[in-house]
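Quick notes on the structure that follows.
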Number of protein chains: 2
Amino acid sequence: MTNPEPSSDAVATPKGGSAHADEDIARIVEAIVYLYTESRRVTKELARAFGLTGPQVTVLKMLEGIGGLSLSDLSARMSARNSTVTGIADRMERDGLVERKRDEDDRRIVRIRLTDEGRALASEIPVESMEVFGAALRALDHEERRSLRRILRRLSDQVAELVETKETELRQRQAEQGDGA
Amino acid sequence: MTNPEPSSDAVATPKGGSAHADEDIARIVEAIVYLYTESRRVTKELARAFGLTGPQVTVLKMLEGIGGLSLSDLSARMSARNSTVTGIADRMERDGLVERKRDEDDRRIVRIRLTDEGRALASEIPVESMEVFGAALRALDHEERRSLRRILRRLSDQVAELVETKETELRQRQAEQGDGA
DNA sequence: ACGGGATATTTCGCATGCGAAACTTCTCCC
DNA sequence: GGGAGAAGTTTCGCATGCGAAATATCCCGT
């Protein structure tokens with residue numbers, strides 16, 4: 001995999017980025033993709049023993065921990081979009097695991113909570129989402145975990161900021177469009 | 001994640017299962033999911049400006065860097081399954097970006113490489129996959145990146161080992177089935 | 001040479017996952 | 001209080017993403 005010269009016309013070395021740093025970055029990105037993908041796959045496979053999919057386990061465990069959640073809150077906690085979670089909730093409702101209920105105060109909101117059957121199943125399931133990854137993390141010593149958590153926290157903040165900026169720009173461009181035209 | 005067990009306090013469990021560690025682990029998993037998901041989303045959006053999807057950019061950039069790859073090699077490098085990449089290659093072939101060619105020596109293998117059009121498009125595209133995440137990583141200092149890379153490397157090895165073990169068990173169980181039954 | 005197992009790819013059905021548009025309900029401002 | 005716009009959810013069409021089964025090819029022992 002040691003590629004000395006990756007296509008020079010790409011974003012090879014932007015600013016102060018030494019080839020050194022780029023190499024580190026490439027490996028880190030690779031590792032993140034690998035860890036996420038592989039963990040997801042294993043979770044999915046474990047879930048299958050209970051007749052569930054990966055995301056369904058995530059929802060079950062999330063609703064077990066907290067009482068009920070609006071569809072939007074659930075989406076946000078899962079890092080997924082509403083339109084995605086609607087489908088997951090549909091299938092879980094079909095299977096009798098969760099139920100939808102309109103909020104009385106604000107009838108736009110849909111509250112989702114476990115049925116008795118869903119709660120029973122949730123208590124049987126030993127795995128959390130991303131179980132393998134969690135197991136690997138337990139093998140790290142205290143200091144490394146601390147360090148990792150701190151660095152990832154900074155990265156998350158950074159990414160959130162970049163996304164925020166991008167969305168703001170987008171919104172402004174849309175406002176200009178709707179205004180000037 | 002909110003352990004149902006009543007306050008077992010921060011009693012240091014021998015196996016490293018203190019509430020302290022669990023909290024760290026939960027946050028780390030959260031962060032990984034967030035970073036992966038959000039980066040993927042941004043890449044997809046950037047790709048759209050070129051009439052491409054996220055994975056298509058990944059394939060384009062991968063084939064640009066290396067000459068041609070078998071479908072299996074491509075899958076492995078993308079952390080995806082063959083059946084997934086078959087579909088991606090289908091659509092890229094339909095759009096004239098890549099072409100398939102049977103290997104002459106081993107006719108089971110399908111070599112995939114860029115067409116002229118694909119190569120031209122690849123050279124126009126400034127983004128790598130997971131671009132935002134890469135940008136965030138550049139904001140870290142050298143030491144942190146080094147540390148992160150080292151820890152993720154260990155985690156990847158750990159996960160790979162767990163997966164390997166699991167697959168071996170599965171294979172043995174299958175062998176017993178086919179044999180002893 | 002030939003037959004069974006191994007390897008590479010594709011096909012099929014299903015579950016995400018997403019953005020854009022449609023709907024419903026709420027809110028705020030005149 | 002009424003209408004414009006915001007907020008929450010769903011619908012729709014499309015692209016992953018996967019496992020299991022089907023196909024095609026190779027390889028190895030006899």
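Labels below follow one simple rule: chain letters A, B, ... track the order of the sequence lines, proteins then strands, and each chain is numbered from 1.
Every residue two or more places apart in sequence or in another chain was checked for a salt bridge (charged side-chain N to carboxylate O under 4.0 Å, His left out) with B:D73, and none qualifies.
Pairing each heavy atom of B:L97 with each of B:L121, the nearest pair is CD2-CD2, 3.8 Å. Of all the heavy atoms in B:D141 and B:E144, the pair that sits closest is OD1-N, 2.9 Å.
Looking at heavy atoms from C-beta onward, A:I112 lies out of side-chain contact with A:K101 at the 4.5 angstrom threshold.
A salt bridge links B:E38 with B:R41: the distance from a Lys NZ or Arg NE/NH1/NH2 to an Asp or Glu carboxylate oxygen falls below 4.0 Å. Here A:D95 does not pair with A:R91 in a salt bridge; the nearest charged N to carboxylate O distance is not below 4.0 Å.
If you walk DNA chain C from 5' to 3' and mark each nucleotide with an atom closer than 4.0 Å to a heavy atom of chain A, the marks span C:dA15 to C:dC26.
Mapping A:Q56 and A:E104 onto DNA chain C via the closest heavy atom, the residue that lands nearer the 5' end is A:Q56. Sequence order on DNA chain C of the closest nucleotides to A:I88 and B:R48 puts A:I88 first from the 5' end. Two residues, B:D105 and B:R81, neighbour DNA chain D, and the one matched to the more 5' nucleotide by heavy-atom proximity is B:R81.
For B:Q56 (side chain) and B:T53 (main-chain N/O), a donor-acceptor pair under 3.5 Å exists by modelled atom type.
Judged by distance alone, the side chains of A:T37 and B:S79 never bring a donor and an acceptor atom under 3.5 Å apart.
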Can you tabulate the close N/O pairs, meaning under 3.5 Å, that link protein atoms to atoms of nucleotides 8-11 of chain D?
residue	atom	partner	partner atom	Å
D:dT9	OP1	A:L71	N	3.3
D:dT9	OP1	A:V110	N	2.8
D:dT9	OP1	A:V110	O	3.3
D:dT9	OP2	A:S72	N	2.8
D:dT9	OP2	A:S72	OG	2.2
D:dT10	OP1	A:R100	NE	2.8
D:dT10	OP1	A:R100	NH2	3.4
D:dT10	OP2	A:T86	OG1	3.1

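At the heavy-atom level, A:D103 lies nowhere under 4.0 Å from the strands shown.
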